[in-house]
Amino acid sequence: MTLRFDHSPSKLKYLSSFAPKNDNSNLCLQCGLCCNGVIFADVAVRSISKIRILKKLGFQLTTRSRLSQPCAAFDGCRCTIYSQRPGQCKKFDCLLLEKVRSGQATQERAIQIIRKARRLVKTIEQLLEKLGNRAVDLPLRSRFKEVSQEMEASEHVDLEAHFGELTLKMHDLNLLLSEDFYPE
Ligand code: SF4
């Protein structure tokens, strides 16, 4: 099932040029999981003026005025519309960021966790591709759901090993996201 949160992505991505070196925003620049379709399926855009601005900038919103993820404004490490990003993006802080701010985790530890999560995502994307899913514009969970439904609908004996591995990796990722990324 695709997870949808009422609050949404990201306290993201200060442009590297103005991200202070010791600022925790450096963590965001190395992460991106709240903009690339891993943590969220979409972002609510509640302000009418913001909807107008985003449309003017060429962004397509869903019929429920949401910005689908992976976000078209995310360039792989930063938000390209940082000053115009939706309010929900401004408000969101992941648990890992909170842990670093409160001293429960060091920057180094947080970076290790981010790297682990990104490695898992990469492996999952490779497995999805091996299983024939190339819908890179969909959230990760939607892609997993699509593949699961296809596997259930017909016999793909040759792909079962890949699907088994994918299921395990998704489980590992969900665990990691619950422990270190989803806000409490
Ligand atoms: S608008 Fe910017 S901060 Fe919000 S999800 Fe998209 S890339 Fe991330």
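Just follow the structure's listing: the first ligand is 1, and inside any ligand the first atom is 1.
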Under a 4.0 angstrom heavy-atom cut-off, which atoms of ligand 1 come close to [X]?
X: Pro86; result: 1 (S)
X: Phe74; result: 7 (S)
X: Cys35; result: 3 (S), 5 (S), 7 (S), 8 (Fe)

Modelled atom types, side-chain donor and acceptor of Gln112 and Arg109, under 3.5 Å: yes

Polar contact flag, side-chain donor to acceptor under 3.5 angstrom, Asn133-Glu146: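 Yes, a side-chain donor-acceptor pair sits under 3.5 Å.
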
Ligand 1 contacted by Gln69 (non-hydrogen, < 4.0 Å):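 Per 4.0 Å heavy-atom rule, Gln69 contacts ligand 1.
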
Arg141 charged N/C atom sitting above Phe144 aromatic ring, 6.0 Å / 45°: no

Heavy-atom donor-acceptor pair, Ser142 side chain to Leu138 backbone, under 3.5 Å: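 No, Ser142 side chain to Leu138 backbone: no donor-acceptor pair under 3.5 Å.
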
Cys34 near atom 8 (Fe) of ligand 1 via N/O/S, less than 2.8 Å: no

Hydrophobic cluster identity match, Leu140 and Tyr182, side-chain contacts under 4.5 Å: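 Yes, Leu140 and Tyr182 fall within the same hydrophobic cluster.
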
Atom 2 (Fe) of ligand 1 contact by Cys71, N, O or S atom under 2.8 Å: no

